[in-house]
Each structure stands twice: as C-alpha cells, then as structure tokens.
Amino acid sequence: MNLLRRRPALWAWLAAMLLGAAWAARSTYVADLSAFLPSSPSAEQRVLLEQLRHGITARVMLVGLRGGDAVQRGEASRAIAAALRAGTEFTSVSNGDHAGEPASGGELLFAHRYQLSPAVDAQRFTVDGLRDGIADTVSLLGTPGGSWIKPLLWRDPTGEMLRLAETLLPAGGPRVEAGVWVSRSQPRALLVAITRAEGSDLDGQARAIEAVHRAAAPWAARGIAVELSGAGVLGVQSRTLIQAEVERLALWDGAIVLLLLLLAFGSLKALGIAILPVASGVLAGTVAVSLGFGRVHGITLGFGTTLIGEAVDYAIYYLIQARSGAARWRQENWPTVRWGLLTSIAGFSALVFSGFGGLAQLGVFSVAGLAAAALTTRYVLTELAPDGAPGLGLRRPLGRATARLAAALPRLRWFWGGLAAAALALLLSLPSAWRGQLSHLSPVTSPALALDASLRADLGAAELGTLVAIEAADEAQALQRAEQASARLDTLVAAGLLAGYETPTRLLPSAAVQAARQAALPDAATLRARLQQAAAGGPLPAERLEPFIAEVQAQRSAKPVTRADYEGTPLASALQAQLVPGTAGRPWTVLLSLRAGPEPLPPQRLREALAGLGDTRVVEIQPELAALYARYLGEAFWQSALGALAVLLLLYAGLRDLRRLLRVVLPLAGSVVLVLAGLTLANVALGVLHLVGLLLVVAVGSNYALFFDQLARRRPGNDDGDRETQAETLASLLLANLTIVASFALLCSSSMPVMAAMGWVVAPGTLLCLLLSASWAQAPRGTGVGESGP
Amino acid sequence: MKKTLLSLLLMLASGWAVAAPAADLGSLMTLLAGVKSGEATFTEQRQVTLQDMTRVLESSGRLSFAAPDSFVRETLKPRAERLAVSGNTLTMSQGSRSRSVPLDSVPEAQVLVEAVRGTLTGNRELLDRHFTTAFSGSLDRWTLELVPREALLREQVARVTVSGRRAALTEVQVQLAGGDRSTMKITDPRAPAP
C-alpha cells in the first residue's frame with residue numbers, strides 16, 4: 001500500500017498495461033482487403049463490395065493437381081473430389097466428372113423440366129412440335145450422346161432435359177481428359193470447389209484449405225502436388241504473410257533498436273526502460289483500435305511496429321536529456337516533446353475521420369499509441385530513471401560527433417536549399433506520380449496472382465469484367481426484372497456481342513413464366529392423341545410413351561419451383577451467386593455475369609440495350625475499383641491537407657512568431673519535396689501508403705525542428721555545463737534519428753508493398769528532416785558555431 | 001549400306017513381301033496428307049437397341065473437309081442438321097438452334113471427330129495421341145482400326161474403324177461400348193481438289 005501511495009503513476013500505468021494486454025489478447029485480428037474499402041459506397045460499388053464480402057465469387061476455390069500422368073491425375077481428381085464432397089467444408093465440388101456428382105440437382109430439374117425449360121410453349125406440344133422434339137432426340141441415338149438419353153427416353157422423348165441442360169451448362173467448358181477437367185496449356189487437372197464459409201471468414205477458409213490438403217495427402221506420395229487459389233485462399237495467404245512479416249520486422253526492428261541503444265547507453269537497464277514507451281504505445285494503439293472498430297486489421301498492426309520509430313525517440317530524448325535530473329527535464333525538454341507529440345497527433349487525427357476503415361484504424365492507432373508512449377515517458381520513465389540513462393556508453397563521442405556535424409551542416413544550407421528548389425521544380429514539371437492502384441494495397445504476391453489467373457484461364461469462359469446488377473424490393477420483382485433484362489441480353493447474344501450470360505431465371509423462372517409454361521401443357525387425352533400422330537412411322541411407338549404423358553400431367557399441376565427447392569443441392573450455390581436475397585433495408589440483388597462474345601461489346605452499347613429497365617445497372621469491375629481507389633486517395637489527400645493545416649496552426653499557436661514557424665516548417669516541407677521528387681524520379685507509383693508515410697515524416701521531423709528551435713532560442717552562455725547539455729540534446733536527436741531510419745530502412749525490404757512503401761518514404765524522409773533542420777537551424781552560440789542568424 | 005541391310009532384316013522379320021513396300025500406316029498417312037480438301041455424300045445406318053427392340057435409323061447427307069482442321073457433316077435426311085468442326089470448336093445446328101462448344105470439353109465427341117479428321121488429313125501424330133491404331137490391307141484397300149487410348153472413353157466408344165481406297169475414305173464404322181453401332185458409307189467421293 002505504501003508503494004502504491006509513493007508511486008501512483010507507476011502503478012496506474014502497470015494496471016493499464018495489464019488491462020490492455022488482456023484486451024489485446026481477446027481482440028479479433030483480420031487481414032482481408034475489406035478494411036480498405038469505403039463505408040459509404042455508390043450503388044455500383046455496393047454491388048462489388050457485397051460480392052467481395054459475401055458473394056459466391058469470394059467462396060470459389062480453384063484447385064490444380066500437378067505431377068504424375070493424365071490417368072493418375074484423373075484418379076486423384078476423382079478421389080479428392082469424392083473426399084471433399086463427403087466432408088463438410090464445401091457446398092459443391094466440380095471436376096468435370098459427371099458420374100461422381102450428386103444427382104439431387106439433376107433429379108430436381110428433371111422432375112420440373114416442363115416448368116423450367118425455355119423451349120416449353122403451346123407450339124411444342126402440337127403434333128408438329130412433338131414430332132420435331134422426338135426427331136431431335138432420335139438423332140442422338142446411336143451416338144455417344146445416346147447413352148445419356150436412352151434411360152430417359154420413354155419419360156422424355158422430346159429431349160426437354162437436354163434443352164434445359166444446354167441452357168444451364170456454360171458453352172465454354174474446360175478440356176476433359178481421363179474423365180476430368182484439365183488445363184489446355186499445361187499438365188494439370190482442375191477442380192472448382194465452393195466453400196461453405198464466406199470469403200471473408202478467413203478461419204473458415206483456412207479450414208477448407210486444410211481439408212483439401214488432407215484429401216490430397218494420400219496422393220502426395222504418388223507425386224501429385226496441389227495448387228490452390230481463389231479469393232479465400234489469397235486472403236488466408238495474405239494473413240499468413242502479414243503475420244510472418246509483422247513478426248519478422250518486429251524481431252529485426254527490435255534487434256537493431258536494441259543494438260543502437262546498447263551502444264549508446266552501454267546499460268541493460270537503460271535498454272529495458274527505453275522499450276517501455278514503445279510497448280505501451282503499441283498496446284494502447286491496439287486496444288484503441290479494437291475498442292473503436294471491434295477488430296484490428298493486420299496491416300494496422302504491421303504499421304504499429306513501425307511506430308517504434310517515433311515512440312523510441314521519446315525514450316531516447318528522455319534518457320539522454322535527463323542527465324541533470326528529471327525535474328529539470330520536465331521543465332526544459334518536456335514542453336518540446338509535448339509539442340512534437342501534439343503536432344504528430346494533429347497530423348494523424350485527420351485520418352481518424354476517414355470513410356475507409358483501414359485509414360481510420362491507422363489514425364486511431366497512431367494517435368493512441370503516440371499519446372501513450374509520450375505519457376509513459378513523462379510519468380513512468382521519470383519515476384524509474386530519475387537521472388536519465390545510468391550508463392555512459394558511446395554518448396560522449398556521439399555527442400561530440402553530433403556537435404561537429406551540427407556545426408558543419410549550416411555551411412550546406414544553400415546546397416540543401418538549391419536541391420529542394422530543384423526538387424520542387426521537378427515535381428511541378430513532371431507528370432504526377434500519384435497513380436497507385438487498389439491492388440497495390442494487397443500483399444498478395446505476383447506468383448500467387450499469376451497462378452490464380454492461369455487456373456481461371458484453364459477453366460475457360462472469358463469473363464467480360466462487367467456485371468449487370470438488378471435491384472428489387474422482393475424476390476418476385478427481382479426475377480421479373482431479370483427476365484426482362486435477359487430478353488434484352490438475348491439480342492446481344494444473337495448479334496454476337498456476347499457469348500452468353502448467367503441468370504438465376506434459368507433455375508428459377510418467375511412464377512408467371514412457370515405458370516405460362518404449365519398452361520401450355522395439354523391434358524392426358526389430348527397429348528395421347530397428338531402423340532399417336534407424331535410418333536407414327538418413327539422409331540418410338542406411341543404406346544410406349546405413357547410415362548411421358550404421366551409426367552406431363554404431374555407437372556401440369558405441380559407447385560412452382562422455389563428457391564427453397566434447391567437447398568441442399570449443388571445448384572444452390574450457383575443460384576446464390578446470381579440471386580442475393582435482400583435483408584432489412586437492403587434490396588434483393590440479381591447479378592448477371594456476362595461472357596465475352598466474338599465481337600467486343602462497348603459498355604455504352606450494353607447500357608443502351610438495358611435502358612429503361614428498373615434499377616438495372618451495368619457495373620464495370622475494373623473502372624469501379626479504380627474509381628474506388630481514386631476516391632480513397634482523394635480523401636486521404638484532403639485529410640492530409642487538413643492534418644498539415646492543423647500542424648501549422650498548432651505550431652503557430654505555440655511559437656507565436658512567423659519567423660520561427662517558418663524555421664520549423666521549412667525543413668519538413670523540404671524533406672517532403674525531396675522524398676517525393678526522388679520517388680517520382682525512381683518511377684514509383686505513389687499511393688495512399690506513401691501519403692501516410694509522409695504524414696509520419698512530418699510528425700517525426702517536427703520533433704527535430706522543434707528541438708533545434710529550442711536550442712537556438714536558449715542562447716546560453718559559454719559555460720561547459722550548458723555546452724554539454726546541448727551536445728547531449730543533439731546526440732539524442734541523432735540517436736533517435738538513427739533508430740527510426742534503421743527501422744524504416746528495414747521496411748524497404750518487406751515483400752508487402754504496403755510496408756515497403758512506408759519504408760521508402762519514412763527512412764529517407766526522417767533523415768532529411770534532421771539534416772535540413774540542422775542545416776537551416778539558427779545555430780546557438782553555445783555550440784561554438786560561428787554562423788548565426790539575427 | 002548399313003541402313004539398307006537393317007531395313008532388309010526388318011522386312012524379313014516382319015514377314016512382309018518386298019514387293020509391297022508401301023503398304024504401311026506411314027505411307028497411307030503420306031498419301032492422305034496430300035489431299036487438302038474434299039467433298040462427298042454419305043449414307044449412315046445406326047443400329048440401336050431400345051429395351052427389347054432393335055431399330056435401324058437411316059440418314060444421309062454431305063461431308064466436306066479442308067486441311068488443316070475443318071470438317072463439316074451436313075445431314076439432309078430425315079431432317080436438316082449440321083455438325084461443323086473447326087480447330088477446337090464444335091458447332092451443332094438443328095433448325096434455328098445452334099450451339100458451339102470447345103471440342104476437347106466433350107471427349108466422346110472428340111474421339112469421333114479426330115478419327116475422321118485425323119485420317120482425312122493424314123495426321124498420324126493426332127491419331128497416335130488419341131488411339132492405338134492397327135493398319136490392315138493394302139493401300140488400294142485399307143482398313144484402319146482405331147481404339148481410344150483412354151480407358152474411360154473406351155467405356156463409351158469401343159472402336160472406330162475407317163476404311164478406304166487409296167486417298168479416299170469409303171466407310172466409317174463406330175462401335176459403341178453399349179452395343180449400338182453406326183456405319184457411315186461414303187459414296188461418290190469426288191476427285192481431290194488440287
């Protein structure tokens with residue numbers, strides 16, 4: 001109790017840390033791209049996002065089997081498909097092996113073929129229509145296709161099931177070899193599996209991947225290797241990559257920072273103390289994001305490890321600068337650190353209000369993390385190490401070297417000035433490098449994308465990259481509108497502009513259409529009489545066709561086929577992909593995917609073809625994603641500008657002197673311009689993460705600039721104590737800068753584009769901030785530098 | 001010298017008469033490959049078993065092909081139907097309905113097409129890829145028995161037998177595994193275009 005009373009700040013901190021650790025351990029961590037998607041999309045974007053989050057496209061898993069010969073791959077494909085169908089992770093598994101597919105879907109279609117087949121109308125059941133239908137069927141007898149028809153012949157002599165199958169099966173199927181789907185371009189068998197788990201449920205996706213590997217395990221010994229792709233697979237890969245990358249970076253980063261600190265302080269205790277603000281910052285950031293958003297994105301966390309850069313600075317400043325006592329540090333240096341903190345927070349808080357979850361998370365993480373790190377420094381470090389770092393290490397030589405450097409740098413002020421001016425001119429004259437894309441945010445590697453593309457290409461059916469999305473108040477209206485749109489699309493198919501399209505109304509015609517087809521079916525006596533005429537002279541005697549008459553009668557009065565009828569059949573997933581039920585406040589959505597025809601189809605032509613249909617939109621996937629990112633980038637720019645303005649206002653409020661403000665701001669602006677010019681010259685496509693990196697440069701750099709301002713303002717006498725204090729302050733700046741440059745230089749090596757982007761901006765940016773601040777500083781007399789301003 | 005001796009030995013070993021040196025699959029293929037396009041008429045008889053009945057279905061029409069990979073079978077009787085293959089695209093038309101599929105996505109149709117197309121164009125590599133081939137007879141009157149290599153396909157198409165006289169096909173017989181059989185007699189083969 002006594003202890004508690006003596007050091008309340010310490011105990012409060014410890015309690016907060018324990019609570020935070022407990023909360024962070026219970027938080028949900030995610031790694032999909034959805035955090036970088038907008039929360040208030042346009043109608044077209046809503047369709048896309050719905051697909052990304054909950055759509056069937058995100059549940060498709062593509063499986064390739066390599067190795068062995070074609071026959072072995074065929075056996076493996078059948079065995080793996082059978083194992084997966086028997087398991088619980090997949091709702092359907094297709095591999096081209098029709099014999100192995102569950103028959104439940106086919107039976108349902110057969111039992112309702114006269115309600116579902118588009119060929120059914122009054123004409124089809126006249127004598128001529130029946131004769132034609134029978135002739136179509138008979139023409140297949142004695143061919144390999146006949147073996148499929150024979151068992152159904154007496155029940156379905158007009159080949160209605162064949163007609164139905166033709167409309168349902170995509171025309172551009174994959175190649176079949178040894179009875180299963182195979183690639184046309186390489187020795188590989190193909191399977192398409194639909195996971196039960198949603199695409200965004202990465203744990204579920206991971207279980208599904210595990211199930212495939214288990215099913216394929218017995219075949220590995222026979223040389224059959226598995227290749228996997230699909231949105232869920234890429235999501236799981238991304239998560240694994242992010243986790244591994246975050247761990248690797250944290251480890252290396254930690255090692256480098258520790259080494260630097262050990263060199264600088266020569267004391268393990270100092271080291272332990274220096275880590276505290278960092279740890280507090282990361283923990284506080286994680287908890288704040290978890291509280292604010294319900295879940296923490298992996299990329300946010302990855303960014304968090306880089307926060308070590310600025311948080312460790314606080315510890316370094318304190319440990320070096322507090323040599324003359326914590327009380328004096330609180331009085332002299334804490335205000336400067338607090339300033340730096342406030343400007344950093346002002347910069348990052350603009351991100352908090354972003355409409356994109358990912359950016360908002362970064363903002364919250366940074367604000368909470370930096371505040372926690374600074375407060376830990378202020379209240380905990382002053383308790384634990386009242387006299388700064390106990391050890392001496394290399395600080396003396398570091399201080400002397402820094403002082404010499406600081407003395408020499410102002411001679412280069414015109415050089416830096418000229419360089420910055422040239423860089424600015426370059427930036428203004430070159431075309432903008434801000435041409436990043438949404439996909440740049442994704443950590444998916446290019447080999448993984450190439451595999452995905454090649455598996456998709458093997459499966460055939462070139463997707464047009466364009467969807468027709470129809471929204472409606474209820475199911476009946478959705479189906480009706482889909483039928484209207486289908487009629488318009490049929491004209492484009494007839495004109496060769498489309499190879500085909502998928503519509504839910506093939507499996508689920510509207511009630512009106514089903515009723516009309518049933519009305520076209522004749523009664524038993526009429527049908528029997530017509531069959532007598534139609535079958536006369538043909539190979540199928542009319543008296544054998546009684547099963548046909550009975551089935552037509554049964555389907556005449558059957559209830560309409562509904563969505564519920566398909567549940568539990570392999571067709572359910574296909575239907576689900578095309579007809580997305582509405583929920584409270586969200587409309588029903590029909591998605592018609594289009595297959596490219598021999599002639600290119602301009603989107604404008606498609607829009608014209610669909611003109612006038614209610615709530616029917618053409619969604620071009622690539623342009624929509626590009627628009628999404630443009631909006632993302634635009635919003636980030638706007639917020640960064642606000643953040644920069646807030647920093648300026650804050651600095652002015654504190655400095656109350658335009659000249660000093662200029663001296664603080666110019667090195668920051670110069671660094672930003674130089675980094676941008678460098679990246680532009682290196683032909684880097686700049687994106688939103690580069691922008692966030694620049695924000696961090698300004699946040700960190702403002703500390704340096706403020707310290708130089710503090711040094712210049714003090715204008716101390718010539719006594720040795722002051723000179724030494726100044727040298728120590730400079731040494732702390734250099735050490736802080738070295739750690740941050742080292743941390744972010746490490747990021748440059750990251751295989752994740754997001755991390756690498758940050759590294760390439762922040763490492764050179766912060767170094768430049770220090771160099772420019774030192775070069776353009778008004779040197780205090782105490783350092784013995786002859787140069788001085790007014 | 002060595003080569004001649006070797007071939008002589010081979011001929012003796014296989015018991016072939018030295019007098020008919022050209023009667024093998026290779027020379028038949030060379031002969032057929034010389035024909036770049038052609039037209040003919042056909043009559044087809046399909047013997048089909050339906051439960052306890054056996055029916056013979058007759059049809060007739062026109063055939064045409066053009067190297068390297070186009071082949072059309074147009075049925076005129078009992079009703080108009082058209083089956084056209086070009087490259088890997090198979091187009092089937094009945095009345096106003098028409099449907100195209102990649103040929104290699106329907107292996108059972110592919111074997112029938114390649115048996116005829118491979119023979120017509122003298123493409124031995126194509127035939128060897130899909131079938132085990134057995135040549136019999138002479139160039140003046142030959143028979144080529146083609147058995148699909150893939151075991152699963154043999155469960156549908158047991159055998160395709162192509163017969164001909166020199167560079168002209170005279171008959172294509174398809175034996176299905178289920179017992180049904182079709183025999184297409186090719187008549188009035190016109191002289192190959194230059």
B:Arg165 atom CZ, neighbour heavy-atom count above 12 within 6.0 Å: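 At most 12 heavy atoms, drawn from other residues, nucleotides or ligands, come within 6.0 Å of this atom.
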
Looking at B:Arg129, I want to see if its CZ is surrounded by more than 12 non-hydrogen atoms of other residues, nucleotides or ligands under 6.0 Å.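 More than 12 within 6.0 Å, yes.
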
Pair up each side-chain donor or acceptor in residues 77-85 of chain B with any protein partner under 3.5 Å, not counting sequence neighbours, and list the distances.
unit_1  : atom_1 : unit_2   : atom_2 : d
B:Arg79 : NH1    : A:Asp136 : OD1    : 2.8
B:Arg79 : NH2    : A:Asp136 : OD1    : 2.8
B:Glu81 : OE2    : A:Ser139 : OG     : 3.1
B:Glu81 : OE2    : B:Gln94  : NE2    : 3.4

Region of [X] that comes under 4.5 Å of a non-hydrogen atom in chain A:
| X | answer |
| --- | --- |
| B:Arg97 | side chain |
| B:Glu108 | both |
| B:Asp180 | side chain |
| B:Gln51 | side chain |
| B:Leu112 | side chain |
| B:Val174 | neither |

Looking only at B:Leu152, B:Leu57, B:Leu176, B:Val48, most heavy-atom pairs under 4.5 Å shared with chain A are made by B:Leu176

Minimum heavy-atom distance between [X] and [Y], given as atom pair plus value:
| X | Y | answer |
| --- | --- | --- |
| A:Ser183 | A:Arg175 | O-NH1, 3.6 Å |
| B:Leu126 | B:Asn123 | N-OD1, 3.0 Å |
| A:Arg73 | A:Gly68 | NH1-O, 3.0 Å |

So, taking the atom named CG in A:Leu601 and the one named CG in A:Leu594, what distance separates them when rounded to the nearest 0.5 Å?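 Rounded to the nearest 0.5 Å, the CG-CG separation comes to 7.5 Å.
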
Please examine the side chains of B:Thr119 and B:Leu127, heavy atoms only from C-beta on, and report whether any two atoms are closer than 4.5 Å. yes

Non-hydrogen side-chain atoms of B:Gln45 and B:Arg181 separated by less than 4.5 Å: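 A side-chain contact under 4.5 Å is absent here.
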
Who in residues 147-158 of chain A is close to chain B, using a strict under-4.5 Å heavy-atom cut-off?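 Listed by number: A:Ser147, A:Lys150, A:Leu153, A:Trp154.
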
The interface call for A:Val138 against chain B, heavy-atom contacts under 4.5 Å, is both

On the 0 to 90° scale, with breaks at 30° and 60°, tag the A:Phe125-A:Phe548 ring pair as parallel, tilted or perpendicular. parallel

Looking at chain B, which one of A:Ala135, A:Gly179, A:Ala70 has the largest number of heavy-atom pairs inside 4.5 Å, strictly under? A:Ala135

